[in-house]
S.K.: 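First the structure, then my questions, so here it is.
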Protein chains: 2
Amino acid sequence: MAFADTFKALSDPVRRQILDLLKEGPMSAGDIGSHFDMTGATISYHLKILKKADLVFESRDKNFIYYQLNTTVLEEIMLWISSLKGGDFDAESK
Amino acid sequence: MAFADTFKALSDPVRRQILDLLKEGPMSAGDIGSHFDMTGATISYHLKILKKADLVFESRDKNFIYYQLNTTVLEEIMLWISSLKGGDFDAESK
DNA sequence: CAAGTATTTAGAACTTTTTCTAAATACTTG
DNA sequence: CAAGTATTTAGAAAAAGTTCTAAATACTTG
C-alpha cells in the first residue's frame, strides 16, 4: 500500500525468500510453504503482508491460489535508494 | 554488517528519515535529534542500528560526533531488488 | 450434497523492536 | 581539575511482529 509497508515487508528474511521463489514464476500458497519449515498458517500470514505491500498479487485457479511477483512497486524503492546516493539513477550507472 | 541487517535498518521510518537528512551532509547526533520528537537516547539507538548496518559512519570533532551517509551498501540492495525484476539492472533502465 | 484438499482467520504465546528515564562516559574549556 | 555540554549505555515498559494450534472458509469433484 504505502512506501513504509513495502520496506516493512522486505525486512523479513522469509518474505524475501518468498519473493526469490516467485522469480521463477507463479506458485501456489502450498508450494511456497513446502520450501519452509513452517505451518501453512504462518506462510499465509507472510503472504498477506506481501500482498498488502503490493509486492505480490494472487490469482485463483481451481482449488489453488497462485501468488505472483508484482515488481511495479520496486521502482519506487529503487528511486528512493538511488536518491540517497546523491541523485540521478541513470547517471550513476555507467 | 549483513544483508539482512541493512533491510532491517531500512524498515523503520525514523531511520529512513535520518538517512534523508544526511543526504545534505554530515550532522551531529544532536542536530539529527532536533528533527524528531524523541529523546536523544532513542536517536542514539537508531544511529547505532544504522551504523551496524554500515549505512552511516561517524567521525568525531571536538565534543561532537558527526554522522555521515555511507552509500556503498546500497549497491547490494539495489542489485537484489533489480534481480527480482527479472535480471539486469542496466538493461532495464533505458 | 458429502468428503476431501487448499488456504485463511482467530487467538494465544513468544520474541523482537522501539521508546523512555536515569545514570554513565567522553570530551572541552575556563 | 571542575563544570558544562554531547552522546551513549542500561534496564524497564510498551508496542509490534512472528509463530503456532485449532477452527473456519472456499472450492472441487464423485
Side-chain angles (χ1 to χ4, degrees), chain A residues 1-22 24-70 77, chain B residues 1-22 24-70 77:
Chain A
M1 205 109 256
F3 202 54
D5 288 326
T6 310
F7 274 106
K8 274 282 185 221
L10 291 174
S11 73
D12 185 85
V14 171
R15 290 191 291 267
R16 288 197 304 274
Q17 215 178 319
I18 290 174
L19 295 177
D20 273 328
L21 283 172
L22 293 179
E24 309 305 322
M27 231 180 195
S28 72
D31 261 7
I32 293 168
S34 73
H35 287 78
F36 298 88
D37 187 22
M38 296 173 155
T39 65
T42 297
I43 296 300
S44 183
Y45 161 78
H46 285 299
L47 289 171
K48 187 158 81 179
I49 288 173
L50 289 170
K51 210 163 42 183
K52 192 135 97 190
D54 278 332
L55 285 164
V56 305
F57 58 89
E58 60 180 39
S59 50
R60 291 156 185 268
D61 185 30
K62 294 223 182 125
N63 213 3
F64 299 85
I65 303 179
Y66 290 94
Y67 283 90
Q68 198 165 163
L69 270 184
N70 178 15
I77 299 293
Chain B
M1 203 115 257
F3 201 54
D5 288 324
T6 310
F7 274 106
K8 274 281 185 224
L10 292 173
S11 74
D12 185 86
V14 172
R15 290 191 292 266
R16 287 197 304 276
Q17 215 179 321
I18 289 175
L19 295 177
D20 273 329
L21 283 172
L22 293 180
E24 309 305 324
M27 231 181 195
S28 72
D31 261 7
I32 293 168
S34 75
H35 287 78
F36 297 89
D37 187 21
M38 295 172 156
T39 65
T42 298
I43 296 300
S44 183
Y45 160 79
H46 285 299
L47 289 172
K48 186 159 82 181
I49 288 173
L50 289 170
K51 210 163 41 181
K52 192 136 98 190
D54 278 331
L55 283 163
V56 305
F57 57 91
E58 61 181 38
S59 50
R60 291 157 185 268
D61 185 29
K62 296 222 184 127
N63 213 2
F64 299 85
I65 302 179
Y66 289 94
Y67 284 90
Q68 195 166 165
L69 270 184
N70 177 15
I77 300 293

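A note on names: the letters A, B, ... follow the listed sequences, proteins ahead of strands, and every chain is numbered from 1.
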S.K.: What nucleotide among C:dT19, D:dT8, D:dA6 has an atom nearest to a side-chain atom of B:Met38?
M.R.: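 Out of C:dT19, D:dT8, D:dA6, the nucleotide with an atom closest to B:Met38's side chain is C:dT19.
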S.K.: Using residues 27-38 of chain B as the side-chain source, report each donor-acceptor pair under 3.5 Å to any protein atom, sequence neighbours left out, with the distance given to one decimal.
M.R.:
{"from": "B:Ser28", "atom 1": "OG", "to": "B:Asp31", "atom 2": "N", "distance (Å)": "3.1"}
{"from": "B:Ser34", "atom 1": "OG", "to": "B:Asp31", "atom 2": "O", "distance (Å)": "2.7"}
{"from": "B:His35", "atom 1": "ND1", "to": "B:Asp31", "atom 2": "O", "distance (Å)": "3.0"}

S.K.: Return the pairing partner of C:dT21 with a 3.5 Å limit on both distances, Watson-Crick or G-U wobble; otherwise return none.
M.R.: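 D:dA10 is the nucleotide pairing with C:dT21.
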S.K.: Quick one: A:Lys48 NZ to D:dA16 P, roughly how many Å, whole number?
M.R.: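 After rounding, the reported distance stands at 16 Å.
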S.K.: Of the nucleotides C:dT17, D:dT18, C:dT8, which has the atom closest to the A:Arg15 side chain?
M.R.: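 Side chain of A:Arg15 sits closest to D:dT18.
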S.K.: Side-chain N or O of A:Thr39 less than 4.0 angstrom from OP1 or OP2 on D:dT19?
M.R.: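 The answer is no; no side-chain N or O of A:Thr39 sits under 4.0 Å from OP1 or OP2.
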S.K.: Do the side-chain N or O atoms of A:His46 get closer than 4.0 angstrom to the phosphate oxygens (OP1, OP2) of D:dT19?
M.R.: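 Answer is yes, contact under 4.0 Å.
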S.K.: With no hydrogens and no angle check, is any side-chain donor or acceptor of A:Asn70 less than 3.5 Å from a backbone partner on A:Phe57?
M.R.: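 No; judged by distance alone, with no hydrogens or angles, the pair does not exist.
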S.K.: How is A:Tyr67 classified with respect to the nucleic acid when contacts are heavy atoms under 4.0 Å: base, sugar-phosphate, or nothing?
M.R.: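 A:Tyr67: backbone/sugar contact only, no base atoms under 4.0 Å.
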S.K.: Any idea how B:Phe3 and B:Phe7 line up, ring-wise: parallel (<30°), tilted (30 to 60°), or perpendicular (>60°)?
M.R.: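 Answer is perpendicular, since the angle exceeds 60°.
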S.K.: Is any side-chain nitrogen or oxygen of B:Thr42 closer than 4.0 Å to OP1 or OP2 of C:dT19?
M.R.: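 It does not, given that no N or O in the side chain of B:Thr42 lies less than 4.0 Å from OP1 or OP2 of C:dT19.
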S.K.: Classify A:Ala41 by what it touches in the nucleic acid, base, sugar-phosphate, or nothing, heavy-atom distance under 4.0 Å.
M.R.: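 A:Ala41: base contact, heavy atoms under 4.0 Å.
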S.K.: Would you mind classifying the nucleic acid contact of A:Gly40 as base, sugar-phosphate or nothing, using non-hydrogen atoms under 4.0 angstrom?
M.R.: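 Result for A:Gly40 = base.
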S.K.: What is the pairing partner of C:dT16, taking Watson-Crick or G-U wobble pairs with both distances under 3.5 Å in any strand?
M.R.: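 Paired with C:dT16, as far as the under-3.5 Å criterion goes, is D:dA15.
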S.K.: Would you kindly compare B:Asn63 and A:Asp31 by the position of their nearest DNA chain C nucleotide and give the one closer to the 5′ end?
M.R.: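 It is A:Asp31, whose closest nucleotide lies nearer the 5' terminus.
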S.K.: According to the Watson-Crick and G-U wobble definitions, with both distances under 3.5 Å, which nucleotide is paired to C:dA3?
M.R.: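 Pairing partner: D:dT28.
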S.K.: Any sub-3.5 Å donor-acceptor pair from B:Arg16's side-chain atoms to B:Leu10's backbone N or O?
M.R.: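 Checking the backbone N and O of B:Leu10 against the side chain of B:Arg16, a donor-acceptor pair under 3.5 Å is found.
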S.K.: Given C:dT18, D:dT8, C:dT7, which nucleotide is nearest the side-chain atoms of A:Ser28?
M.R.: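 The nucleotide sitting nearest to the side chain is C:dT7.
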